[in-house]
Number of protein chains: 4
Amino acid sequence: MKKRQVQASVKDERLVKKRRDQMIKGAVTLFIQKGFHRTTTREIAKAAGFSIGTLYEYIRTKEDVLYLVCDSIYDQVRERLYEGLDTKKGTIESLKQGISDYFKVVDEMQDEVLVMYQEVKSLSKDALPYVLKKELEMVAMFEHVVTLCVENGELELSMEEVKMIAHNIFVQGQMWAFRRWTLQKMYSLEQYIQLQTDLLFQGIQGSAAAVEFQPDT
Amino acid sequence: MKKRQVQASVKDERLVKKRRDQMIKGAVTLFIQKGFHRTTTREIAKAAGFSIGTLYEYIRTKEDVLYLVCDSIYDQVRERLYEGLDTKKGTIESLKQGISDYFKVVDEMQDEVLVMYQEVKSLSKDALPYVLKKELEMVAMFEHVVTLCVENGELELSMEEVKMIAHNIFVQGQMWAFRRWTLQKMYSLEQYIQLQTDLLFQGIQGSAAAVEFQPDT
Amino acid sequence: MKKRQVQASVKDERLVKKRRDQMIKGAVTLFIQKGFHRTTTREIAKAAGFSIGTLYEYIRTKEDVLYLVCDSIYDQVRERLYEGLDTKKGTIESLKQGISDYFKVVDEMQDEVLVMYQEVKSLSKDALPYVLKKELEMVAMFEHVVTLCVENGELELSMEEVKMIAHNIFVQGQMWAFRRWTLQKMYSLEQYIQLQTDLLFQGIQGSAAAVEFQPDT
Amino acid sequence: MKKRQVQASVKDERLVKKRRDQMIKGAVTLFIQKGFHRTTTREIAKAAGFSIGTLYEYIRTKEDVLYLVCDSIYDQVRERLYEGLDTKKGTIESLKQGISDYFKVVDEMQDEVLVMYQEVKSLSKDALPYVLKKELEMVAMFEHVVTLCVENGELELSMEEVKMIAHNIFVQGQMWAFRRWTLQKMYSLEQYIQLQTDLLFQGIQGSAAAVEFQPDT
DNA sequence: AATGAATGAGGATTCATTCAT
DNA sequence: TATGAATGAATCCTCATTCAT
């Protein structure tokens, strides 16, 4: 599936890219503040630094802006995720590192993640698949890292389990953003990473309690 | 914190309750289909079976409807959660049962959960706390059950861990609804319950394989 | 073919009729002054004496107004035409009378005829047939009167000729309106009626010259 | 009255002529399809084969395009009319020939005639007279031919009658275009010419029936 | 209590025209 | 001369809310 094309009247590709970046930047700020529906196209144009007429030289409909914004945020998150994720090693340690990095990215991009998270549903049936595809790609990155660990014999997991784990990691990252109203009151980012990682690896029964039992070995 | 009062012009409390129930029922259906913003008050009135004028006898603003809807859904979920959750026993078994029941409730009320999930953010700063409060109450229910297990010596967990676990369980339930576009393609509800429960209790390293290997160490 | 229904949100049929009459009246005046395209919906609402919101309670789109206007004008012309046209007699005299009456109606409703004449083409492919149908009905009225004359032996004409004549009469009526910028400078209405009637009955060769040949009279 | 000047920024007269011809050609096609108001200047520029910027080097306003188009169409029709019309002979035969030729021109240029017919009214008060002048010139051509017949003693008509006849001929030509939705369903062009010519010359009473009666006189 | 007609602020989008390159 | 990006006034239409009946 290729990138969904948002039609622009302006031909100069470089300009289109530039203007759309302005646009996205302005729009994200607004969407964070008031959400997609409560943001007007005029506000977007203004925030982007050009007139309403110009805005419409680079998009067809307001929804295009939303698509562009979501698309862009996903790209950013994914890119940063990709940098951090060492997809070669296949060791427990590198997996832990990957999770930690991902959570940190989410933390830094909280606002963006939140927007994307809350507004994707406003995308038309037409645009949605393109965005969901990207989400799955990110999940697949975790899947890959975990799979490597399995292949290396560091973990023993079925394919179903691997997939489930990848989804869980992904959602727990987002969770840090969309439940920040409560989680970030209780935990620091480091604590959150530590706790989630421990729980993920040890499970409820394998945590502290299990440790205590281990002296016997 | 008491229930937020939505003002009605009509005095007869019984009637208010009745009309609001009609209203909520109609609105949920509409919100599921088109979301809050794309649903008009006229549509809500029609779906509820009365006129737009009458609608406004029972609410002050459109947002009131959203609040009422979210509130109602939370109440339903919570109530059903409460029925299932045996908050006395404090055994691993009853915790597993509780999780399973919760996931099943979410499965049955998928649409509602989704609406609530996606539209809460449209609530005003004014109404939001009341709804989030309810969410925390539900989390607290899991917290309580887990705590009992700890107190009974079935599990050994810190308070931070308990809280984290409760949030994880809660979110993993919702996840079944809001990620249904991918999860429900891969797993049946039973599988999902099984997998998540196993992972929760054993963690990645504690799953079947790891257990087998541990004797050797 | 039944009347094309223009949807109204308001149920009360009497009110719909009343408001639409106001609307049409205002719109005709505006269309006469500036044409359909240069008239805004707000102006129409204002001219009708109510708000833009109310306007849209009685129509779906701006084009509906145009349809309503054209429809109404046709109805008026047709009705007045029908009153005047003695469709029973079937004598040359009554035909002449009919033409004269028709031309007088056009003269009185010049502005309306002009509007209809110039704006029908702006109707959508959807609405156009309904309006053209009415035009044909009017032509058919003349056709009928002429046919009667033929049946009475007052005239001897083929069906093709009858149809052609009916169309000619109809267009010559309209012509008085749409070519008024020149015709009405040269002729009074009475002259116009006299000239057209004479030409119609006698033809070029049968006019003045023919008189000379009629020594018998 | 001289040709109304449409201002151009470009000086080179030859270029102006060339570009305007491109422009008119493109615009006519568009006006035929969607009418003047629904055609955008961008579309016109595109259809003409140059940019919007260039378009405005050769006109001042969108209305100028309409004027240019109407003017051009009139010129074409008039020119072709002029070729056909033998303005010297002054015989019934040459008049009939002229009418027939004119009707054929209209038939061939239907779309153009229609555009001109329907859109002239959109011209500003400023430009209108220039176009109407051309129309009168065409009418005058018929007037002239008929007058010659009168002078030659082939016809006996008053000046009023001559003018009326000229207008009738002119309108009956246009009629073939603007009432084509019905006329062209009923008649072939040849039939139409035949019928109209006969009616014009003989009148209702002078057709077949009258002929029969004439022996008696 | 119920109704639904009326309101008008507000929002998305278009398009003629300009002007710097 | 030619280009096409930028502009923003103008326009159609929607919809939450009110209020007289």
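All chains are named by letter (A, B, ...) in the order of the sequence lines, taking the proteins before the strands, and each is independently numbered beginning at 1. Not measured: the values here are computed from a predicted model.
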For DNA chain F, the expected dot-bracket line (Watson-Crick or G-U under 3.5 Å, [ ] crossing, | inter-strand) is .||||||||||||||||||||
Would you call [X] and [Y] a side-chain contact if the rule is heavy atoms closer than 4.5 Å?
{"X": "B/Leu66", "Y": "B/Cys70", "answer": "yes"}
{"X": "C/Tyr74", "Y": "C/Val131", "answer": "yes"}
{"X": "D/Ile44", "Y": "D/Thr39", "answer": "yes"}

(request) Nearest-nucleotide wise, let me know which of C/Tyr58 and A/Thr54 is further upstream toward the 5' end of DNA chain E. (result)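 Of the two residues, C/Tyr58 wins.
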A correct 5'-to-3' footprint of nucleotides 16-21 of chain E, with B, S and - meaning base, sugar-phosphate only and no protein heavy atom under 4.0 Å, is BBB---
Q) Can you tell me if B/Arg4 uses its side chain to pair, donor with acceptor, with the backbone of B/Leu128 under 3.5 Å? A)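 No; judged by distance alone, with no hydrogens or angles, the pair does not exist.
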- Under 4.0 Å from any atom of DNA chain E, heavy atoms only: list the residues of residues 8-28 of chain B that qualify, in numerical order.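 Contacting residues: B/Val10, B/Lys11, B/Asp12, B/Leu15, B/Arg19.
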Practice problem: Examine the side chains of B/Thr29 and B/Gln33 and answer whether a donor and an acceptor come within less than 3.5 Å of each other. | Solution: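 No - no donor-acceptor pair under 3.5 Å links their side chains.
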* Would you call B/Asp21-B/Lys25 a salt bridge at under 4.0 Å N-O? ->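 Salt bridge between B/Asp21 and B/Lys25, a charged N being under 4.0 Å from a carboxylate O: no.
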Residues C/Glu57 and C/Arg19 bridged, charged N to O under 4.0 Å =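 No salt bridge links C/Glu57 with C/Arg19.
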Starting at atom [atom1] of [X], determine the distance to atom [atom2] of [N], rounded to an integer number of angstrom.
{"X": "D/Lys46", "N": "E/dC15", "atom1": "NZ", "atom2": "P", "answer": "14 Å"}
{"X": "B/Arg38", "N": "F/dA16", "atom1": "CZ", "atom2": "P", "answer": "13 Å"}
{"X": "D/Phe50", "N": "F/dT3", "atom1": "CZ", "atom2": "P", "answer": "9 Å"}

Within 45° of the axis and under 6.0 Å from the centre of the six-membered ring of B/Phe36, does NZ or CZ of B/Lys62 qualify?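 That pair qualifies as a cation-pi contact.
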Apply the side chain to side chain contact (heavy atoms under 4.5 Å, CB included) test between C/Phe31 and each candidate in C/Ile24, C/Asp111, C/Val69; give the one that qualifies.
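Output: one option passes, namely C/Val69.
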Review point. So, for D/Ile73 and D/Met116, which heavy atoms are closest and what is the spacing to 0.1 Å?
Key: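 Scanning both residues, the minimum pair turns out to be CG2-SD, 3.6 Å.
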